[in-house]
Amino acid sequence: MTEAALTWHRLPSRVLMLRVLEVIKSFAIPLVLLFVLNNDWESTFGIILRVGILLFLGLDVLQKFFGWLNFRYALDEKTVYVIDGNWIKKEKSLPLYKIQSVHSNSPFLYRLLGVVELTFDTNANSDDASFKLAGVFPNEAKRLEDILDHVRHRKTETASPIEGEAEATSEPLSIEKPESRLLYALSTREIIIASLTSLSVFAIFPVASTIISSIDDFINLDGTFDSVGDWVVHASIIAIGMLVLSVLLLSIVIGMVINFLKYGNFRLERRGDRVRVEKGLLNRSAKEIPYEKIQAIRIKETFIRRWFNIVGVELVAAGTMDELKDESSTILPFVKRERAMTVLNEHFDQFVWSDTLHRLPKRSLWVKLLRISWVGLIVSGVVLYFFRDYAWWLVLLWAIIIGGRLLSYMTTRYAQNGRFIELRTGAFTVTSFLTDKPRIEQIQVTQTPLQRRFDVCNVLFSTRGVLAYELIEDIPKQEADAMLNWFSRYTVQEDMKTPG
(Lines give C-alpha, C1' and ligand atoms only; values in the text may rest on other atoms or scores of the structure.)
Protein backbone atom coordinates (compact mmCIF):
# COMPACT_ATOMS: atom_id res chain seq x y z
CA MET A 1 0.00 0.00 0.00
CA THR A 2 1.56 3.27 -1.11
CA GLU A 3 0.39 5.73 1.51
CA ALA A 4 2.09 8.72 -0.16
CA ALA A 5 0.00 8.37 -3.31
CA LEU A 6 -3.30 8.44 -1.40
CA THR A 7 -5.20 11.12 0.48
CA TRP A 8 -5.86 9.72 3.94
CA HIS A 9 -8.79 10.78 6.11
CA ARG A 10 -9.41 10.49 9.85
CA LEU A 11 -12.68 10.38 11.67
CA PRO A 12 -13.70 13.72 13.24
CA SER A 13 -12.48 14.41 16.78
CA ARG A 14 -16.08 14.48 18.00
CA VAL A 15 -16.21 10.74 17.23
CA LEU A 16 -13.68 10.28 20.05
CA MET A 17 -16.09 12.15 22.32
CA LEU A 18 -18.86 9.74 21.29
CA ARG A 19 -16.74 6.72 22.10
CA VAL A 20 -15.78 8.14 25.50
CA LEU A 21 -19.45 8.78 26.24
CA GLU A 22 -20.25 5.18 25.28
CA VAL A 23 -17.56 3.93 27.70
CA ILE A 24 -18.91 6.11 30.52
CA LYS A 25 -22.42 4.84 29.75
CA SER A 26 -21.28 1.22 30.09
CA PHE A 27 -19.69 2.02 33.46
CA ALA A 28 -22.57 4.25 34.65
CA ILE A 29 -24.23 1.77 37.02
CA PRO A 30 -21.07 0.68 38.92
CA LEU A 31 -19.89 4.32 39.10
CA VAL A 32 -23.19 5.48 40.61
CA LEU A 33 -23.30 2.54 43.06
CA LEU A 34 -19.69 2.91 44.23
CA PHE A 35 -19.15 6.66 44.13
CA VAL A 36 -22.60 8.14 44.80
CA LEU A 37 -24.87 5.76 46.71
CA ASN A 38 -22.14 3.96 48.65
CA ASN A 39 -19.05 6.17 48.70
CA ASP A 40 -17.06 4.12 51.22
CA TRP A 41 -13.27 4.69 51.12
CA GLU A 42 -12.58 3.29 54.57
CA SER A 43 -12.53 -0.49 53.93
CA THR A 44 -9.63 -2.01 51.99
CA PHE A 45 -11.99 -4.00 49.76
CA GLY A 46 -13.97 -0.85 48.91
CA ILE A 47 -10.78 1.02 47.97
CA ILE A 48 -9.52 -1.88 45.79
CA LEU A 49 -12.91 -2.17 44.08
CA ARG A 50 -13.12 1.54 43.30
CA VAL A 51 -9.53 1.79 42.11
CA GLY A 52 -10.09 -1.27 39.90
CA ILE A 53 -13.20 0.28 38.34
CA LEU A 54 -11.30 3.52 37.65
CA LEU A 55 -8.39 1.59 36.11
CA PHE A 56 -10.73 -0.39 33.83
CA LEU A 57 -12.48 2.83 32.86
CA GLY A 58 -9.19 4.57 32.08
CA LEU A 59 -7.89 1.58 30.12
CA ASP A 60 -11.09 1.44 28.04
CA VAL A 61 -10.92 5.18 27.34
CA LEU A 62 -7.25 4.83 26.35
CA GLN A 63 -8.12 1.96 24.02
CA LYS A 64 -10.85 4.03 22.36
CA PHE A 65 -8.38 6.90 21.96
CA PHE A 66 -5.78 4.77 20.17
CA GLY A 67 -8.51 3.16 18.07
CA TRP A 68 -9.61 6.61 16.91
CA LEU A 69 -6.01 7.81 16.46
CA ASN A 70 -4.94 4.80 14.38
CA PHE A 71 -8.04 4.66 12.17
CA ARG A 72 -7.59 6.11 8.69
CA TYR A 73 -9.17 5.47 5.31
CA ALA A 74 -8.46 6.46 1.73
CA LEU A 75 -10.00 5.86 -1.68
CA ASP A 76 -8.77 5.83 -5.21
CA GLU A 77 -10.89 5.14 -8.28
CA LYS A 78 -11.00 1.39 -7.68
CA THR A 79 -10.29 0.58 -4.02
CA VAL A 80 -10.93 1.71 -0.47
CA TYR A 81 -8.02 1.31 1.98
CA VAL A 82 -8.42 1.13 5.76
CA ILE A 83 -5.88 1.24 8.60
CA ASP A 84 -7.44 0.13 11.89
CA GLY A 85 -6.59 -1.28 15.31
CA ASN A 86 -6.26 -0.24 18.95
CA TRP A 87 -2.86 -1.57 20.08
CA ILE A 88 -1.99 -3.47 16.88
CA LYS A 89 -2.53 -1.70 13.57
CA LYS A 90 -4.17 -3.64 10.73
CA GLU A 91 -4.33 -2.71 7.07
CA LYS A 92 -6.85 -3.94 4.52
CA SER A 93 -8.19 -2.98 1.12
CA LEU A 94 -11.53 -3.62 -0.53
CA PRO A 95 -12.37 -3.16 -4.23
CA LEU A 96 -15.16 -0.65 -4.65
CA TYR A 97 -16.99 -2.77 -7.22
CA LYS A 98 -17.55 -5.45 -4.55
CA ILE A 99 -19.49 -3.10 -2.28
CA GLN A 100 -23.14 -3.92 -2.91
CA SER A 101 -24.84 -1.50 -0.55
CA VAL A 102 -24.24 1.30 1.95
CA HIS A 103 -26.26 1.55 5.16
CA SER A 104 -26.32 4.80 7.13
CA ASN A 105 -27.33 5.10 10.76
CA SER A 106 -27.72 8.27 12.82
CA PRO A 107 -28.52 7.61 16.49
CA PHE A 108 -29.58 10.56 18.59
CA LEU A 109 -26.07 11.34 19.90
CA TYR A 110 -24.66 11.11 16.36
CA ARG A 111 -27.25 13.55 15.06
CA LEU A 112 -26.62 15.83 18.04
CA LEU A 113 -22.94 16.02 17.12
CA GLY A 114 -23.62 16.17 13.36
CA VAL A 115 -22.05 12.89 12.23
CA VAL A 116 -23.31 9.76 10.45
CA GLU A 117 -22.33 6.10 10.76
CA LEU A 118 -21.79 4.33 7.41
CA THR A 119 -21.63 0.56 6.91
CA PHE A 120 -20.31 -0.78 3.60
CA ASP A 121 -21.67 -4.25 2.83
CA THR A 122 -20.21 -6.59 0.22
CA ASN A 123 -22.92 -9.22 0.84
CA ALA A 124 -20.18 -11.76 1.54
CA ASN A 125 -20.10 -14.08 4.54
CA SER A 126 -16.60 -13.35 5.87
CA ASP A 127 -16.15 -11.03 8.84
CA ASP A 128 -13.63 -8.83 7.01
CA ALA A 129 -15.77 -8.38 3.90
CA SER A 130 -17.58 -5.33 5.31
CA PHE A 131 -16.49 -2.38 7.40
CA LYS A 132 -17.82 0.68 9.16
CA LEU A 133 -17.02 4.36 9.26
CA ALA A 134 -18.39 5.01 12.73
CA GLY A 135 -18.86 8.76 12.44
CA VAL A 136 -18.26 10.97 9.42
CA PHE A 137 -19.68 14.36 8.50
CA PRO A 138 -22.80 14.29 6.28
CA ASN A 139 -20.99 15.94 3.35
CA GLU A 140 -18.26 13.26 3.54
CA ALA A 141 -20.92 10.52 3.70
CA LYS A 142 -22.55 11.99 0.60
CA ARG A 143 -19.19 12.12 -1.20
CA LEU A 144 -18.52 8.44 -0.46
CA GLU A 145 -21.99 7.39 -1.57
CA ASP A 146 -21.59 9.40 -4.79
CA ILE A 147 -18.29 7.64 -5.53
CA LEU A 148 -19.92 4.23 -5.04
CA ASP A 149 -22.84 5.25 -7.26
CA HIS A 150 -20.33 6.21 -9.95
CA VAL A 151 -18.60 2.81 -9.64
CA ARG A 152 -21.93 0.97 -9.89
CA HIS A 153 -22.86 3.01 -12.95
CA ARG A 154 -19.59 2.13 -14.67
CA LYS A 155 -20.01 -1.51 -13.70
CA THR A 156 -23.36 -1.74 -15.46
CA GLU A 157 -22.14 0.07 -18.59
CA THR A 158 -18.85 -1.76 -19.16
CA ALA A 159 -18.59 -5.38 -20.16
CA SER A 160 -15.08 -5.84 -18.72
CA PRO A 161 -14.57 -6.19 -14.94
CA ILE A 162 -13.78 -3.05 -12.97
CA GLU A 163 -10.52 -4.46 -11.64
CA GLY A 164 -9.18 -4.75 -15.17
CA GLU A 165 -9.50 -1.07 -15.99
CA ALA A 166 -6.58 1.24 -16.60
CA GLU A 167 -4.98 3.07 -13.72
CA ALA A 168 -6.82 6.07 -12.33
CA THR A 169 -5.97 9.41 -13.88
CA SER A 170 -5.70 12.75 -12.20
CA GLU A 171 -8.93 13.99 -13.80
CA PRO A 172 -11.83 14.49 -11.40
CA LEU A 173 -14.56 11.87 -11.32
CA SER A 174 -17.67 12.60 -13.36
CA ILE A 175 -20.25 11.29 -10.90
CA GLU A 176 -23.70 10.52 -12.26
CA LYS A 177 -26.33 10.15 -9.56
CA PRO A 178 -28.88 7.37 -10.08
CA GLU A 179 -32.47 8.41 -10.45
CA SER A 180 -34.32 8.39 -7.13
CA ARG A 181 -38.01 7.52 -7.08
CA LEU A 182 -40.27 7.53 -4.03
CA LEU A 183 -42.22 4.27 -3.81
CA TYR A 184 -44.01 4.77 -0.50
CA ALA A 185 -44.08 7.08 2.52
CA LEU A 186 -45.90 6.30 5.75
CA SER A 187 -48.52 8.82 6.82
CA THR A 188 -49.25 9.93 10.39
CA ARG A 189 -52.65 8.25 10.17
CA GLU A 190 -51.06 4.89 9.27
CA ILE A 191 -48.66 5.05 12.21
CA ILE A 192 -51.53 5.84 14.61
CA ILE A 193 -53.65 2.96 13.29
CA ALA A 194 -50.66 0.61 13.44
CA SER A 195 -50.01 1.64 17.06
CA LEU A 196 -53.62 0.87 18.01
CA THR A 197 -53.49 -2.55 16.33
CA SER A 198 -50.17 -3.74 17.75
CA LEU A 199 -48.92 -5.01 21.09
CA SER A 200 -47.12 -1.69 21.61
CA VAL A 201 -50.22 -0.48 23.48
CA PHE A 202 -49.04 -2.73 26.31
CA ALA A 203 -45.56 -1.17 26.34
CA ILE A 204 -46.31 0.61 29.61
CA PHE A 205 -46.30 -2.65 31.57
CA PRO A 206 -42.68 -3.77 30.92
CA VAL A 207 -41.52 -0.14 31.22
CA ALA A 208 -43.31 0.30 34.55
CA SER A 209 -42.03 -3.07 35.76
CA THR A 210 -38.44 -2.12 34.94
CA ILE A 211 -38.74 1.25 36.69
CA ILE A 212 -40.37 -0.24 39.79
CA SER A 213 -37.76 -3.02 39.95
CA SER A 214 -34.92 -0.50 39.69
CA ILE A 215 -36.40 1.66 42.45
CA ASP A 216 -37.08 -1.37 44.65
CA ASP A 217 -33.37 -2.27 44.56
CA PHE A 218 -32.64 0.84 46.62
CA ILE A 219 -35.97 1.66 48.29
CA ASN A 220 -38.24 -0.98 49.80
CA LEU A 221 -41.63 -0.60 48.12
CA ASP A 222 -43.46 -3.36 50.00
CA GLY A 223 -45.38 -0.81 52.04
CA THR A 224 -46.40 1.06 48.92
CA PHE A 225 -47.65 -2.14 47.30
CA ASP A 226 -49.69 -2.94 50.40
CA SER A 227 -51.26 0.53 50.34
CA VAL A 228 -52.14 0.17 46.65
CA GLY A 229 -53.64 -3.26 47.33
CA ASP A 230 -55.80 -1.90 50.15
CA TRP A 231 -56.99 0.94 47.93
CA VAL A 232 -57.98 -1.47 45.15
CA VAL A 233 -59.91 -3.67 47.62
CA HIS A 234 -61.88 -0.76 49.10
CA ALA A 235 -62.22 1.42 45.98
CA SER A 236 -65.46 1.71 44.05
CA ILE A 237 -66.01 0.11 40.67
CA ILE A 238 -66.04 3.55 39.04
CA ALA A 239 -62.66 4.46 40.57
CA ILE A 240 -61.11 1.16 39.46
CA GLY A 241 -62.60 1.60 36.00
CA MET A 242 -61.16 5.11 35.74
CA LEU A 243 -57.76 3.78 36.84
CA VAL A 244 -57.82 0.99 34.23
CA LEU A 245 -58.93 3.45 31.54
CA SER A 246 -56.15 5.89 32.47
CA VAL A 247 -53.52 3.14 32.35
CA LEU A 248 -54.84 1.96 28.98
CA LEU A 249 -54.79 5.49 27.52
CA LEU A 250 -51.28 6.08 28.84
CA SER A 251 -50.18 2.78 27.31
CA ILE A 252 -51.66 3.76 23.95
CA VAL A 253 -49.81 7.09 24.06
CA ILE A 254 -46.52 5.34 24.90
CA GLY A 255 -47.06 2.87 22.06
CA MET A 256 -47.69 5.71 19.61
CA VAL A 257 -44.58 7.57 20.76
CA ILE A 258 -42.48 4.41 20.29
CA ASN A 259 -43.83 3.86 16.76
CA PHE A 260 -43.39 7.53 15.80
CA LEU A 261 -39.78 7.49 17.00
CA LYS A 262 -39.08 4.25 15.13
CA TYR A 263 -41.02 4.81 11.89
CA GLY A 264 -41.36 8.60 11.64
CA ASN A 265 -40.41 10.00 8.21
CA PHE A 266 -40.47 6.47 6.75
CA ARG A 267 -39.59 6.46 3.06
CA LEU A 268 -39.25 3.62 0.58
CA GLU A 269 -37.27 4.68 -2.49
CA ARG A 270 -35.75 3.16 -5.58
CA ARG A 271 -32.29 4.43 -6.45
CA GLY A 272 -30.98 2.91 -9.64
CA ASP A 273 -30.66 -0.84 -9.20
CA ARG A 274 -31.40 -0.91 -5.46
CA VAL A 275 -34.22 -0.27 -3.03
CA ARG A 276 -33.59 2.08 -0.09
CA VAL A 277 -35.47 2.30 3.23
CA GLU A 278 -35.16 5.37 5.48
CA LYS A 279 -36.87 5.69 8.85
CA GLY A 280 -36.67 7.13 12.37
CA LEU A 281 -37.00 10.47 14.13
CA LEU A 282 -34.37 10.49 16.90
CA ASN A 283 -32.38 7.56 15.48
CA ARG A 284 -32.37 7.98 11.70
CA SER A 285 -31.30 5.00 9.60
CA ALA A 286 -31.08 4.23 5.88
CA LYS A 287 -30.65 0.72 4.45
CA GLU A 288 -30.12 -0.46 0.90
CA ILE A 289 -30.85 -3.78 -0.83
CA PRO A 290 -29.74 -4.46 -4.43
CA TYR A 291 -32.61 -5.73 -6.60
CA GLU A 292 -30.47 -8.58 -7.87
CA LYS A 293 -29.99 -9.86 -4.30
CA ILE A 294 -33.71 -10.19 -3.57
CA GLN A 295 -34.49 -13.90 -3.21
CA ALA A 296 -38.11 -13.84 -2.03
CA ILE A 297 -40.90 -11.66 -0.67
CA ARG A 298 -42.73 -12.21 2.61
CA ILE A 299 -46.03 -10.60 3.61
CA LYS A 300 -46.88 -10.88 7.32
CA GLU A 301 -50.32 -10.39 8.89
CA THR A 302 -50.68 -10.42 12.67
CA PHE A 303 -53.90 -11.67 14.25
CA ILE A 304 -55.26 -8.24 15.17
CA ARG A 305 -54.11 -6.42 12.03
CA ARG A 306 -55.80 -8.99 9.81
CA TRP A 307 -59.15 -7.54 11.00
CA PHE A 308 -58.07 -4.17 9.61
CA ASN A 309 -56.48 -5.63 6.44
CA ILE A 310 -53.02 -4.32 7.45
CA VAL A 311 -49.88 -6.20 6.44
CA GLY A 312 -46.10 -5.88 6.67
CA VAL A 313 -43.77 -6.65 3.75
CA GLU A 314 -40.24 -8.04 4.02
CA LEU A 315 -37.59 -8.90 1.45
CA VAL A 316 -35.44 -12.01 1.75
CA ALA A 317 -32.05 -10.80 0.48
CA ALA A 318 -28.93 -12.88 -0.10
CA GLY A 319 -25.78 -12.12 1.82
CA THR A 320 -27.07 -9.28 4.04
CA MET A 321 -25.03 -8.92 7.21
CA ASP A 322 -26.58 -10.43 10.35
CA GLU A 323 -26.67 -7.12 12.23
CA LEU A 324 -28.55 -5.43 9.40
CA LYS A 325 -30.66 -8.31 8.11
CA ASP A 326 -33.83 -7.79 10.13
CA GLU A 327 -34.02 -4.02 9.77
CA SER A 328 -33.08 -3.81 6.11
CA SER A 329 -35.50 -6.55 5.03
CA THR A 330 -38.65 -4.69 6.12
CA ILE A 331 -39.70 -2.40 3.29
CA LEU A 332 -43.32 -1.78 4.37
CA PRO A 333 -43.88 -2.15 8.14
CA PHE A 334 -47.68 -1.71 8.15
CA VAL A 335 -49.84 -0.70 5.20
CA LYS A 336 -53.20 -1.66 3.74
CA ARG A 337 -52.96 -4.94 1.84
CA GLU A 338 -54.28 -3.42 -1.39
CA ARG A 339 -51.67 -0.63 -1.27
CA ALA A 340 -48.89 -3.12 -0.48
CA MET A 341 -49.83 -5.30 -3.45
CA THR A 342 -49.90 -2.23 -5.69
CA VAL A 343 -46.34 -1.32 -4.66
CA LEU A 344 -45.13 -4.92 -5.11
CA ASN A 345 -46.76 -5.38 -8.53
CA GLU A 346 -45.50 -2.04 -9.86
CA HIS A 347 -41.96 -1.94 -8.48
CA PHE A 348 -41.08 -5.59 -7.78
CA ASP A 349 -42.54 -7.07 -10.95
CA GLN A 350 -39.83 -9.74 -11.14
CA PHE A 351 -42.15 -11.62 -8.76
CA VAL A 352 -45.63 -12.55 -10.00
CA TRP A 353 -48.39 -13.31 -7.49
CA SER A 354 -50.99 -15.99 -8.17
CA ASP A 355 -54.64 -15.13 -8.52
CA THR A 356 -55.80 -18.47 -7.10
CA LEU A 357 -54.28 -20.52 -4.28
CA HIS A 358 -55.10 -24.14 -3.46
CA ARG A 359 -56.58 -25.12 -0.08
CA LEU A 360 -55.62 -28.14 1.96
CA PRO A 361 -57.86 -31.22 1.73
CA LYS A 362 -60.04 -32.19 4.69
CA ARG A 363 -57.75 -35.05 5.63
CA SER A 364 -55.07 -32.48 6.45
CA LEU A 365 -57.35 -31.13 9.19
CA TRP A 366 -57.51 -34.57 10.80
CA VAL A 367 -53.72 -34.80 10.75
CA LYS A 368 -53.42 -31.42 12.48
CA LEU A 369 -56.01 -32.33 15.13
CA LEU A 370 -54.54 -35.79 15.81
CA ARG A 371 -50.95 -34.59 15.99
CA ILE A 372 -49.60 -34.80 19.57
CA SER A 373 -49.07 -31.47 21.33
CA TRP A 374 -46.15 -32.13 23.66
CA VAL A 375 -46.42 -28.64 25.14
CA GLY A 376 -50.07 -29.22 25.97
CA LEU A 377 -49.41 -32.64 27.49
CA ILE A 378 -46.45 -31.48 29.61
CA VAL A 379 -48.26 -28.39 30.90
CA SER A 380 -51.40 -30.44 31.62
CA GLY A 381 -49.38 -33.02 33.53
CA VAL A 382 -47.62 -30.39 35.64
CA VAL A 383 -50.86 -28.55 36.42
CA LEU A 384 -52.81 -31.72 37.29
CA TYR A 385 -50.02 -33.00 39.53
CA PHE A 386 -48.94 -29.83 41.34
CA PHE A 387 -51.73 -27.25 40.84
CA ARG A 388 -55.04 -29.10 40.66
CA ASP A 389 -56.94 -26.05 41.92
CA TYR A 390 -56.06 -24.31 38.65
CA ALA A 391 -56.87 -27.25 36.39
CA TRP A 392 -59.75 -25.36 34.79
CA TRP A 393 -57.18 -23.14 33.04
CA LEU A 394 -56.31 -26.18 30.92
CA VAL A 395 -59.60 -25.73 29.09
CA LEU A 396 -58.31 -22.37 27.82
CA LEU A 397 -54.91 -23.88 26.95
CA TRP A 398 -56.41 -26.67 24.83
CA ALA A 399 -58.88 -24.25 23.24
CA ILE A 400 -55.91 -22.14 22.06
CA ILE A 401 -54.06 -25.23 20.76
CA ILE A 402 -57.05 -26.61 18.87
CA GLY A 403 -58.09 -23.16 17.67
CA GLY A 404 -54.59 -22.53 16.33
CA ARG A 405 -54.70 -25.79 14.37
CA LEU A 406 -58.09 -24.95 12.93
CA LEU A 407 -56.81 -21.52 11.90
CA SER A 408 -53.71 -23.11 10.36
CA TYR A 409 -55.89 -25.41 8.26
CA MET A 410 -58.13 -22.54 7.15
CA THR A 411 -55.31 -20.13 6.24
CA THR A 412 -52.80 -22.49 4.61
CA ARG A 413 -52.70 -22.08 0.82
CA TYR A 414 -50.20 -22.88 -1.92
CA ALA A 415 -49.74 -22.47 -5.66
CA GLN A 416 -47.18 -23.27 -8.32
CA ASN A 417 -47.58 -20.66 -11.05
CA GLY A 418 -45.14 -21.10 -13.92
CA ARG A 419 -41.69 -20.68 -12.38
CA PHE A 420 -43.07 -19.21 -9.13
CA ILE A 421 -43.97 -20.87 -5.82
CA GLU A 422 -46.34 -19.05 -3.48
CA LEU A 423 -47.13 -20.23 0.06
CA ARG A 424 -49.50 -18.91 2.69
CA THR A 425 -48.95 -20.42 6.14
CA GLY A 426 -49.53 -19.71 9.81
CA ALA A 427 -52.33 -19.57 12.36
CA PHE A 428 -52.52 -16.45 14.51
CA THR A 429 -49.81 -14.77 12.41
CA VAL A 430 -50.09 -15.54 8.70
CA THR A 431 -47.13 -15.33 6.31
CA SER A 432 -47.30 -15.23 2.51
CA PHE A 433 -44.07 -16.28 0.79
CA LEU A 434 -43.21 -15.89 -2.91
CA THR A 435 -40.08 -16.95 -4.79
CA ASP A 436 -39.16 -18.54 -8.13
CA LYS A 437 -37.33 -21.68 -9.22
CA PRO A 438 -33.90 -20.14 -10.01
CA ARG A 439 -33.73 -18.69 -6.48
CA ILE A 440 -34.60 -21.96 -4.71
CA GLU A 441 -31.60 -23.83 -3.33
CA GLN A 442 -33.41 -27.04 -2.50
CA ILE A 443 -36.80 -28.61 -1.78
CA GLN A 444 -37.06 -31.19 0.99
CA VAL A 445 -40.10 -33.43 1.52
CA THR A 446 -40.67 -35.17 4.87
CA GLN A 447 -43.46 -37.50 6.01
CA THR A 448 -44.25 -38.76 9.51
CA PRO A 449 -46.08 -42.07 10.15
CA LEU A 450 -49.28 -40.14 10.90
CA GLN A 451 -48.96 -38.17 7.66
CA ARG A 452 -48.25 -41.38 5.74
CA ARG A 453 -51.55 -42.77 6.99
CA PHE A 454 -53.43 -39.81 5.47
CA ASP A 455 -51.15 -39.45 2.40
CA VAL A 456 -49.92 -35.93 3.24
CA CYS A 457 -46.44 -34.53 3.92
CA ASN A 458 -44.38 -31.41 4.72
CA VAL A 459 -42.36 -29.48 2.15
CA LEU A 460 -39.41 -27.26 3.11
CA PHE A 461 -38.13 -24.63 0.66
CA SER A 462 -34.74 -22.93 1.05
CA THR A 463 -33.57 -20.00 -1.06
CA ARG A 464 -30.10 -19.22 -2.35
CA GLY A 465 -27.45 -17.11 -0.64
CA VAL A 466 -27.87 -16.87 3.12
CA LEU A 467 -30.49 -19.59 3.36
CA ALA A 468 -34.05 -18.62 4.25
CA TYR A 469 -36.46 -21.46 4.98
CA GLU A 470 -40.19 -21.67 4.42
CA LEU A 471 -42.22 -24.71 5.51
CA ILE A 472 -45.70 -25.77 4.45
CA GLU A 473 -47.27 -28.63 6.38
CA ASP A 474 -49.76 -31.39 5.54
CA ILE A 475 -50.13 -30.88 1.80
CA PRO A 476 -51.14 -33.87 -0.37
CA LYS A 477 -48.28 -36.19 -1.26
CA GLN A 478 -49.01 -35.99 -4.98
CA GLU A 479 -48.74 -32.17 -4.81
CA ALA A 480 -45.36 -32.43 -3.08
CA ASP A 481 -44.16 -34.90 -5.72
CA ALA A 482 -45.29 -32.50 -8.43
CA MET A 483 -43.26 -29.70 -6.79
CA LEU A 484 -40.17 -31.94 -6.68
CA ASN A 485 -40.64 -32.88 -10.32
CA TRP A 486 -41.13 -29.22 -11.26
CA PHE A 487 -37.97 -28.19 -9.41
CA SER A 488 -35.78 -30.99 -10.82
CA ARG A 489 -36.70 -30.43 -14.48
CA TYR A 490 -35.16 -27.50 -16.34
CA THR A 491 -36.89 -27.33 -19.70
CA VAL A 492 -36.28 -23.63 -20.35
CA GLN A 493 -32.85 -22.05 -20.58
CA GLU A 494 -33.96 -19.14 -18.39
CA ASP A 495 -34.56 -21.54 -15.49
CA MET A 496 -30.86 -22.37 -15.40
CA LYS A 497 -29.89 -18.80 -14.56
CA THR A 498 -29.04 -18.04 -10.95
CA PRO A 499 -30.16 -14.55 -9.88
CA GLY A 500 -27.98 -12.61 -7.45
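This is a predicted model, so every value here is computed, not measured.
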Practice task
Quick one: pull up CZ in Arg439 and CD in Gln295 and give me the separation to the nearest 0.5 Å.
Solution key: 6.0 Å

Completion exercise
Closest heavy-atom pair, Thr356 versus Ala415, reported as atoms and distance to 0.1 Å, is O-CB, 3.7 Å

Practice task
Only counting residues at least two apart or in another chain, list the ones meeting salt bridge (charged side-chain N to carboxylate O under 4.0 Å, His left out) with Arg371.
Solution key: Asp474

Practice task
Verify, without hydrogens or angle tests, whether Lys336 (side chain) and Phe308 (backbone) share a donor-acceptor contact under 3.5 angstrom.
Solution key: yes

Problem - Smallest separation among heavy atoms of Trp353 and Ser432, with atom names - result: CZ3-CB, 4.4 Å

Handout entry: Any pair counted as ring pair (Phe, Tyr, Trp, His ring centres under 6.0 Å), so long as it reaches residues 421-440, sequence neighbours left out
Key = Phe303-Phe428

Handout entry: Sub-4.5 Å side-chain heavy-atom contact between Val459 and Leu484
Key = no

Practice task
Please determine if Arg270 and Glu346 form a salt bridge, counting it only when a charged side-chain N lies under 4.0 Å from a carboxylate O.
Solution key: no

Practice task
Determine whether Glu473 and Leu471 make a side-chain contact, defined as any pair of heavy atoms from C-beta on separated by less than 4.5 Å.
Solution key: yes

Exercise for the section: Look only at the side chain of Gln442 and the backbone of Phe461, and say whether a donor-acceptor pair between them is shorter than 3.5 Å. Expected result: no

Problem - Candidate list Thr435, Thr463, Leu423, test side-chain contact (heavy atoms from CB on, under 4.5 Å), partner Glu470, passing option - result: Leu423

Exercise for the section: Decide whether Glu338 and Asn309 meet the rule of one side-chain donor and one side-chain acceptor closer than 3.5 Å. Expected result: yes

Practice task
Check whether any side-chain N or O of Ser195 sits under 3.5 Å from a backbone N or O of Ile191 as a donor-acceptor pair, and report yes or no.
Solution key: yes

Practice task
Could you go through the side-chain hydrogen bond (donor to acceptor under 3.5 Å, both in side chains) check for Asn458 and Gln451 one step at a time?
Solution key: CA-CA 9 Å; Asn458 299 339; Gln451 290 176 324; 2.7 Å; yes

Handout entry: Side-chain donor or acceptor of Gln416 paired with backbone N/O of Gly418 under 3.5 Å
Key = yes

Problem - Any His9 side-chain heavy atom under 4.5 Å of Val136 side chain - result: no

Exercise for the section: List the atom of Leu268, the atom of Leu182, and the distance in Å for their closest heavy-atom pair. Expected result: O-CD1, 3.5 Å

Handout entry: Residue pair Leu144 / Phe120: nearest heavy atoms and the distance that separates them
Key = CD1-CZ, 4.1 Å

Exercise for the section: Give the C-alpha distance, both sets of side-chain angles, the deciding distance and a yes or no for side-chain contact (heavy atoms from CB on, under 4.5 Å) between Val275 and His347. Expected result: CA-CA 10 Å; Val275 60; His347 307 292; over 6 Å; no

Exercise for the section: Return yes if some donor-acceptor pair links the side-chain N/O of Glu190 with the main-chain N/O of Ser187 below 3.5 Å, else return no. Expected result: yes

Handout entry: Check: Ile252 and Leu196 side chains under 4.5 Å, non-hydrogen atoms
Key = yes

Problem - Rounded distance [0.5 Å steps], CG in Leu245 versus CG in Leu250 - result: 11.0 Å

Exercise for the section: Among residues two or more places apart or on two chains, list those pairs meeting ring pair (Phe, Tyr, Trp, His ring centres under 6.0 Å) that have a residue in residues 245-280. Expected result: Tyr263-Phe334

Handout entry: side-chain contact (heavy atoms from CB on, under 4.5 Å) between Leu460 and Thr446, intermediate numbers included
Key = CA-CA 8 Å; Leu460 180 68; Thr446 59; over 6 Å; no

Problem - Ile192 CD1 to Asn259 CG distance, which is reported to the nearest 0.5 Å - result: 10.5 Å

Practice task
Answer yes or no: is there a side-chain heavy-atom contact under 4.5 Å between Lys437 and Phe487?
Solution key: yes

Problem - Passing candidate, side-chain contact (heavy atoms from CB on, under 4.5 Å) with Asn265, options Lys279, Arg284, Glu278 - result: Arg284

Problem - Within 6.0 Å of NZ in Lys262, more than 12 heavy atoms from elsewhere - result: no

Exercise for the section: Check the surroundings of atom CH2 in Trp366: do more than 12 heavy atoms from other residues, nucleotides or ligands lie under 6.0 Å from it? Expected result: no

Handout entry: Arg276 side chain vs Ala286 backbone, donor-acceptor pair below 3.5 Å
Key = no

Exercise for the section: Would you give the length of the straight line joining atom CZ of Arg413 to atom CG of Leu360, rounded to the nearest 0.5 angstrom? Expected result: 8.0 Å

Practice task
Quick one: pull up CZ in Arg14 and CG in Leu109 and give me the separation to the nearest 0.5 Å.
Solution key: 13.0 Å

Exercise for the section: Just do the salt bridge (charged side-chain N to carboxylate O under 4.0 Å, His left out) check on Glu301 and Arg337 with the steps written out, would you? Expected result: CA-CA 9 Å; Glu301 307 169 64; Arg337 184 178 184 88; 3.1 Å; yes

Problem - Close side-chain approach of Arg298 to Val316, heavy-atom, < 4.5 Å - result: yes

Practice task
Check the pair Asn283 / Tyr110 against side-chain contact (heavy atoms from CB on, under 4.5 Å), numbers first and verdict last.
Solution key: CA-CA 9 Å; Asn283 297 338; Tyr110 280 68; over 6 Å; no

Handout entry: Distance, nearest 0.5 Å, that separates CZ of Arg405 from CD1 of Ile402
Key = 8.0 Å

Practice task
In sequence, state the C-alpha distance, the side-chain angles, and the governing distance for Leu344 and Met341, and then conclude on side-chain contact (heavy atoms from CB on, under 4.5 Å).
Solution key: CA-CA 5 Å; Leu344 292 177; Met341 296 307 300; 4.3 Å; yes

Handout entry: Shortest non-hydrogen separation from Phe137 to Gly114 and the atoms involved
Key = CD2-O, 3.6 Å

Problem - Intermediate values then yes/no, salt bridge (charged side-chain N to carboxylate O under 4.0 Å, His left out), Glu22 and Arg19 - result: CA-CA 5 Å; Glu22 291 173 356; Arg19 295 183 180 180; over 6 Å; no

Practice task
Report yes if some heavy atom in the side chain of Lys362 is under 4.5 Å from a heavy atom in the side chain of Tyr409; otherwise report no.
Solution key: yes

Handout entry: Student check: side-chain heavy atoms of Val15 and Phe71 closer than 4.5 Å
Key = no

Exercise for the section: Taking all non-hydrogen atoms of both residues into account, name the closest pair between Val445 and Cys457 and its distance. Expected result: CG1-SG, 3.7 Å

Handout entry: Backbone of Leu11 reached by a side-chain donor or acceptor of Trp68 within 3.5 Å
Key = yes

